[in-house]
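Encoded as structure tokens, the structure appears first; notes follow it.
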Amino acid sequence: MSESELNINELKKVRLEKLAELKEMGIEPFGRRFERDSMAQNIKETFSEWEGKTIAIAGRIMSKRRHGKAGFANLADLSGSIQLYFRQDDLGPEKYELYKKLDIGDILGIQGEVFRTQKGEISIHVRNLYYLSKSLTPLPEKWHGLKDVELRYRQRYVDLIVNPEVKEVFVKRSRIIKEMRNYLDDRGFLEVETPMMQPIPGGATARPFITHHNALDMELYLRIAPELYLKRLIVGGLEKVYEINRNFRNEGISTRHNPEFTMLEIYQAYGDYEVMMQLCEDLISAVMFKVNGSMQIDFEGQQLDFTPPWRRVTMLDAIKEATGLDFSLIKGDEDARQAARQLGLEVKEGASRGELINEIFEQFVEDKLIQPTFVYGHPVEVSPLAKRNLKTPEFTDRFELFIMQREIANAFSELNDPIDQKERFIKQVEKRAGGDAEAHMMDEDYINALEYGMPPAGGMGIGIDRLVMLMTDSPSIRDVILFPTLRPRINEP
RNA sequence: GGGCCAUUAGCUCAGGAGGUAGAGCACCUGACUUUUAAUCAGGGUGUCCCAGGUUCGAGUCCUGGAUGGCUCACCA
């Protein structure tokens with residue numbers, strides 16, 4: 001006997017005995033294909049059409065109430081759950097014995113007639129039952145469900161079985177993404193796939209995961225963003241492209257950060273950041289309406305209103321509003337450092353005006369942005385891939401969408417000047433040499449692509465997980481990712 | 001990575017001031033042919049997260065560790 005068999009608990013032993021008994025009766029406990037013709041919720045919603053009819057249904061036994069020679073059980077499928085009624089006089093002693101042996105968690109195929117009990121519960125009067133899968137491990141308690149968050153994330157399959165609201169979140173997540181695809185496909189955008197493993201990880205400032213390719217004997221990085229590849233496609237003439245896929249960032253984990261997360265990135269040739277702003281507002285509000293049926297949602301007790309148009313404010317105006325500081329009057333780096341110190345910020349040696357503007361924004365403004373708000377006009381220092389603003393070249397044509405203090409989208413007019421781009425890469429490389437592990441690496445091939453000529457373009461990234469959090473009122477990113485990253489646990493299933 | 005908190009039965013949780021382990025659900029035995037958190041009678045199934053230490057004695061106190069949650073830092 002192996003150790004795991006020795007350590008098996010009593011509850012499991014009982015089920016293994018039942019399994020053996022089923023086999024002795026000639027019943028295969030792990031069945032095969034079952035042709036079902038109905039779903040639980042559908043039967044309940046349109047009962048009059050089903051009453052008295054014989055149907056076939058399949059699902060998992062979630063509860064059982066036996067009364068001597070008759071009894072009930074509840075069967076759950078994807079749609080919901082429905083009550084089953086078993087009666088020895090109708091089933092015969094052999095099949096009734098199968099009912100008696102049922103455990104909560106077993107997966108059955110059922111044939112029977114739809115009816116309503118004396119107490120009014122729509123039910124199925126079972127005529128035949130087929131074991132499709134015997135459950136050997138008992139499920140958590142029916143009333144409280146599974147609450148232990150660690151177990152919920154580690155064993156999401158159990159979470160999905162016993163906590164119906166979890167299933168709803170992920171069904172909704174799927175619908176949100178589907179509606180995004182519909183929206184973009186309808187407007188002529190082409191969905192593409194670009195490398196997840198990149199020799200130079202670009203398109204964002206973040207630490208990458210490093211891996212190694214044996215045959216090529218080279219380091220590869222899991223992508224931190226698809227941006228530079230998608231823009232190569234804009235150079236190539238695909239004009240309107242998007243990608244919905246995972247990014248990987250080797251950084252801290254929190255309620256808003258998972259090492260792998262899903263981004264939607266969109267690029268449109270001949271557009272700019274204002275086109276993207278419009279697209280962003282249209283896209284998110286359209287998805288919101290299709291999925292939620294309303295432009296208002298509750299998030300952690302806060303009413304959010306997605307009705308367009310959304311507020312638009314420059315970063316400098318937002319700072320002025322929150323702090324009283326008018327950076328249009330604070331010109332040099334030294335004056336900026338002085339102003340930042342007055343706000344109580346710890347100012348790094350040599351911090352530039354643009355960097356400080358960004359820092360002040362993050363410190364004093366972000367947490368005030370509750371309703372959907374576009375903040376635009378970011379300093380060029382923190383926007384190495386964005387086009388400069390024509391009138392104020394120290395700022396870029398860039399915006400971020402904030403909802404509920406979180407950055408949901410980031411977009412800009414794409415920098416298509418290869419000479420400017422190269423200079424900005426060089427600045428990033430200098431920062432990197434100075435110890436900033438998140439600064440960009442030089443990407444010569446990307447410069448090469450730009451040198452062939454990239455049409456002016458607008459580009460945007462939308463964090464899908466955070467949007468799903470908002471739309472499903474989920475406090476943690478782990479609630480919207482089926483299998484969030486956790487430390488592996490030894491000696492546990 | 002720092003701070004705070006948590007970890008007890010399959011699940012949800014109690015365990016006062018250190019005295020040798022509890023409840024509900026689940027499970028097992030029996031009764032019950034339209035119940036529904038079914039009911040009734042009986043049964044406790046445990047590495048009290050791990051390793052040390054203090055003590056006559058530790059689920060409880062101390063030290064270290066593991067895992068998780070929140071939070072700060074970092075970021076999207």
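Letters A, B, ... mirror the listed sequences (proteins, then strands); counts begin at 1. Please read these numbers as outputs of a predicted model, since none were measured by experiment.
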- Minimum-distance nucleotide to A:H67 side chain [options: B:G10, B:U67, B:U33]: B:U33
- Within the structure shown, what part of the strands sits under 4.0 Å from A:N258 by heavy-atom distance: base, sugar-phosphate, or nothing? base
- Query: Does a nitrogen or oxygen in the side chain of A:R478 sit under 4.0 Å from OP1 or OP2 of B:C70?
  - Reply: yes
- Query: With both distances under 3.5 angstrom, what nucleotide forms a Watson-Crick or G-U wobble pair with B:C4?
  - Reply: B:G69
- OP1, OP2 of B:U34 versus side-chain N and O of A:K119: anything below 4.0 Å? no
- Task: Sticking with atom C1', work out how far B:G59 lies from B:U20, rounded to a whole angstrom.
- Result: 10 Å
- Query: Under 4.0 Å between a side-chain N/O of A:R487 and OP1 or OP2 of B:G68, yes or no?
  - Reply: yes
- Does the side chain of A:T205 pick up a donor-acceptor pair with the side chain of A:E438 at under 3.5 Å? no
- Message: Using a heavy-atom cut-off of 4.0 Å across all strands, would you classify A:T205 as base, sugar-phosphate, or nothing?
- Response: sugar-phosphate
- Quickly work out the A:R154 CZ to B:A66 P distance and round it to whole Å. 14 Å
- Query: A:E300 has an atom CD; how far is it from atom P of B:C70, in whole Å?
  - Reply: 11 Å
- In whole Å, what is the span from the NZ atom of A:K12 to the C1' atom of B:A26? 15 Å
- Gap in Å between the two C1' atoms, one belonging to B:C4 and one to B:A73, rounded: 15 Å
- Query: Are OP1 or OP2 of B:U36 and a side-chain N or O of A:S123 less than 4.0 angstrom apart?
  - Reply: no
- Query: Do A:S474 and A:R173 have a side chain donor and acceptor closer than 3.5 Å?
  - Reply: no
- Which whole-number value in Å describes the distance from A:E251 CD to B:A76 C1'? 8 Å
- For A:T255, which contact category applies under a 4.0 Å heavy-atom criterion: base, sugar-phosphate, or nothing? sugar-phosphate
- Taking the six-membered ring for Trp, are A:Y183 and A:Y242 ring centroids under 6.0 Å apart? no
- Note on the structure: Comparing nearest nucleotides in RNA chain B, the 5'-proximal residue of the pair A:H125, A:I104 is A:I104
- Taking any strand in view, what nucleotide pairs with B:G22 in a Watson-Crick or G-U wobble way, both distances under 3.5 Å? B:C13
- Query: Quick one: is A:R65 getting a side-chain N or O under 4.0 Å of the B:U35 phosphate, OP1 or OP2?
  - Reply: no
- Item | Listed nucleotide nearest any side-chain atom of A:L146, set B:C27, B:U12, B:A76 | B:U12
- Message: Under 4.0 Å, counting only non-hydrogen atoms across every strand here, what does A:Q83 touch: a base, just sugar-phosphate, or nothing?
- Response: base
- Message: OP1 or OP2 of B:C25 versus the side-chain N and O atoms of A:K142: is any pair under 4.0 Å?
- Response: no
- Item | Residue whose nearest RNA chain B nucleotide is more 5′ - A:T137 or A:S254 | A:T137
- P atoms of B:C11 and B:U54, separation to the nearest Å: 34 Å
- Item | Span that lies between the P atom of B:A14 and that of B:C72, in whole angstrom | 26 Å
- Measure from OH on A:Y99 to C1' on B:C32 and round the result to the nearest Å. 12 Å
- Message: Distance check, C1' atoms only: B:A58 and B:U47, in whole angstrom units.
- Response: 15 Å
- Task: May I have the distance from A:F361 (atom CZ) to B:A76 (atom P), rounded to whole angstrom?
- Result: 13 Å
- Message: Suppose you measure atom C1' in B:C25 against the same atom in B:G43; what distance do you get, rounded to whole Å?
- Response: 16 Å
- Is the ring centre of A:W143 under 5.5 Å from the base ring centre of B:G24, and are the two planes under 30° apart, so that they stack? no
- Message: Quick check: any donor-acceptor pair below 3.5 Å linking the side-chain of A:E121 to the base of B:U36?
- Response: yes
- With no angle test and no hydrogens, is the base of B:G10 tied to the side chain of A:E141 by a donor-acceptor pair under 3.5 Å? no
- Item | Base-pairing mate for B:U60 - Watson-Crick or G-U, with both contacts under 3.5 Å | none
- Query: Between B:U34, B:C11, B:U33, which nucleotide has the shortest distance from any of its atoms to the side chain of A:K69?
  - Reply: B:U33
- Checking N1-N3 plus N6-O4 or O6-N4 for Watson-Crick, or N1-O2 and O6-N3 for wobble, each under 3.5 Å, the partner of B:U33 is none
- Message: I'd like to know if the side chain of A:R398 and the backbone of A:N410 have a donor-acceptor N/O pair within less than 3.5 Å.
- Response: no
- Mind checking A:D465 for me? I need base, sugar-phosphate or nothing, with any heavy atom below 4.0 Å counting as a touch. nothing
- Message: So A:R66, base contact, sugar-phosphate only, or nothing? Heavy-atom distance under 4.0 Å.
- Response: base
- Item | Whole angstrom value for the distance that separates P of B:A66 from CG of A:L486 | 16 Å
- Message: Quick check on A:E94: does its CD atom have over 12 non-hydrogen neighbours (other residues, nucleotides or ligands) under 6.0 Å away?
- Response: no
- Does a donor on one side chain sit under 3.5 Å from an acceptor on the other, for A:D479 and A:Y153? yes
- Query: Is there a donor in the side chain of A:E265 and an acceptor in the side chain of A:Y267, or the other way round, less than 3.5 Å apart?
  - Reply: yes
- Could you check how far CD of A:Q155 sits from C1' of B:G10, rounded to whole Å? 11 Å
- Per atom distances to the A:Q118 side chain, the nearest of B:U34, B:C28, B:U33 is B:U34
- Given B:A6, is OP1 or OP2 found less than 4.0 Å from the side-chain N or O atoms of A:K147? no
- Message: So A:G461, base contact, sugar-phosphate only, or nothing? Heavy-atom distance under 4.0 Å.
- Response: nothing
- chi for B:G69 classified (syn = within 90 degrees of 0, anti otherwise) as anti
- Message: Classify A:K64 by what it touches in the nucleic acid, base, sugar-phosphate, or nothing, heavy-atom distance under 4.0 Å.
- Response: nothing
- Task: Can you figure out which of B:G69, B:A76, B:G24 approaches the side chain of A:R466 most closely?
- Result: B:A76
- Donor-acceptor pair between A:T194 and A:R223 side chains, under 3.5 angstrom: yes
- Could you verify whether a donor N or O on one side chain and an acceptor N or O on the other, from A:Q41 and A:E45, lie under 3.5 Å apart? yes
- Determine which nucleotide pairs with B:G42, using a 3.5 Å limit on both distances of a Watson-Crick or G-U wobble pair. B:C28
